[in-house]
There are 2 protein chains.
Amino acid sequence: MNTLAEENYLKSIYHLSLNDVNVSTNQIAAALNTKAASVTDMLKKLADKALINYAKYQGVTLTAAGEKIALHIIRKHRLWEYFLVEKLHFKWDEVHEMAEEMEHISSIELIDRLDKFMDYPKHDPHGDPIPDRNGNFKKYELKPIAALNVNENGIISGVRDHSPAFLQYLGKQQLTIGKKIKVTEIIDYDLSMILQVEQTEIHISREVAKNLLIAI
Amino acid sequence: MNTLAEENYLKSIYHLSLNDVNVSTNQIAAALNTKAASVTDMLKKLADKALINYAKYQGVTLTAAGEKIALHIIRKHRLWEYFLVEKLHFKWDEVHEMAEEMEHISSIELIDRLDKFMDYPKHDPHGDPIPDRNGNFKKYELKPIAALNVNENGIISGVRDHSPAFLQYLGKQQLTIGKKIKVTEIIDYDLSMILQVEQTEIHISREVAKNLLIAI
DNA sequence: TAAAAAATTTAGACTTGTCTAAAAAATTTA
DNA sequence: TAAATTTTTTAGACAAGTCTAAATTTTTTA
Ligand SMILES: [Mn+2]
Ligand SMILES: [Mn+2]
Ligand SMILES: [Mn+2]
Ligand SMILES: [Mn+2]
């Protein structure tokens, strides 16, 4: 199988690939908190294993084999996050670091049984889709609340920023996955928004509105 | 914190310490499937960290700090084994290897919540005691069925051999933790035993009788 | 389009954990 | 108790993964 470091590189490349077709050495270094020189070394190893397509100075893409591994790691990460929140009652801002370790537990049978135990959840606590055992999941487009006009509404379905600070803020404001929101006002001066969420009005900055996603 | 290798060494030393006060380099090498030279290297590191007492050629003992870490790893191992059997319905012979990986997940809060989620089990699926968060557990003496005489009885409470082959054999014979057994006959020729277990009589070899333990 | 800046790779080094072969110490045997 | 055997340690090497500093390539800027 693959080492822990290899798994982390593949996962990072997958996530970065969602924004850019070719992923650069520096992007990976930033994501993994390591140095560009270390990334170059690992890219050679992953290319030797045919898990990425790599040409010097050109950036990388995942091969089908590499993507399969990445999606399996992501499946494990998200299923463990779901477990931690739904069964062990952690808050959604507390689980990411634990899942970063748990995603490397290797047994496939274990993760399939965990999936069944939790009745095949489709999304993790942050609204991100959980791939099935074959790596398949529905890709829906989400859009930021910032893209809405006054009187438009939607259902909170994801976040663009996964930092504990942002998640904690949202949790305190009751801006959690599944909540129905409606834009009641947009302040001209700073483009902040007033939302109707259940019985209450909540005032969020443009920054927050850009990072909070609704289903289209 | 400690590396994965360090944790495995401490755990092995703990287990070996139950049979011998001083644990030898070769014993550790055998337990960890590594070479004596590698063990010597690691013993120096663990001694530098004050986790073991080590004097060249003399074997090792755990310090209080080392034992605390070992018991915490063992707590995690056994709680995850319990989870795998009770919640994910694995068989008792299938869980050890998975727990070998899961025991290294670092969060203490996670394991305390897992403990609570399962309602604070006292024993793992093999009858071994689960230390509490402070490393405490009741030490009861168990004895092998081989030590019983005809007409004596007991409750199956542990195994001396944890190999999947032995556990599978016991499972098939319904010789599982908690079962009440009574010795109905001991065959002079090979010292094999006939046990009464619930409604049925089961014939076990001396080898099996030595490795199957009952509460005293 | 040549110079400057940024990105990437290479070179060489370091740590952790492992190994084999050889040396040293401890234990067993005769 | 001296020789033989076993156990343990030392010496030197290697792979994985990382780093800094320097060289190279690409991209941007003027
Ligand atoms: Mn996460
Ligand atoms: Mn998540
Ligand atoms: Mn086990
Ligand atoms: Mn066990």
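Every chain is numbered from 1 and lettered A, B, ... according to where its sequence line falls, protein lines coming before strand lines.
Taking 4.0 angstrom as the limit, A:T34 places a side-chain polar atom (N or O) nearer than this to OP1 or OP2 of D:dC19. Applying the 4.0 Å criterion to OP1 and OP2 of D:dT18, one finds that A:Y9 has a side-chain N or O inside that range. In this structure, B:K45 does not reach the C:dT16 phosphate: none of its side-chain N or O atoms is under 4.0 Å from OP1 or OP2. Under 4.0 angstrom from either OP1 or OP2 of D:dT10 there lies no side-chain N or O belonging to B:Y57. Dashed line: the shortest gap from a side-chain N or O of A:N26 to OP1 or OP2 of C:dT8 is under 4.0 Å. Phosphate contact (OP1/OP2 of C:dT8, side-chain N/O of A:K56, threshold under 4.0 Å): absent. Dashed line: the shortest gap from a side-chain N or O of B:T3 to OP1 or OP2 of C:dT16 is not under 4.0 Å.
Remark: the A:D190 side chain and the A:S192 side chain contain an N/O donor-acceptor pair separated by less than 3.5 Å.
Taking the side chain of A:T40 as heavy atoms from C-beta on, and the options D:dT18, C:dG17, C:dT9, the nearest nucleotide is C:dT9. In this structure, the nucleotide among D:dG17, D:dA21, C:dA24 sitting nearest to the side chain of A:A37 is D:dA21. For A:Y54, the side-chain atoms get nearest to C:dT9 when compared with the rest of C:dT9, D:dT26, D:dG17.
Between B:F117 and A:F83, the ring planes lie perpendicular to each other; the angle is over 60°, past the 30° to 60° tilted range.
Annotation: cation-pi pair A:K11/A:Y9 absent, no NZ/CZ under 6.0 Å from the ring centroid and within 45° of its normal.
With DNA chain D read from its 5' end, the first of the two nearest nucleotides for B:G59 and A:N33 is the one closest to B:G59.
Looking at every heavy atom in both residues, A:V21 comes nearest to A:T61 through O-CG2, 3.5 Å.
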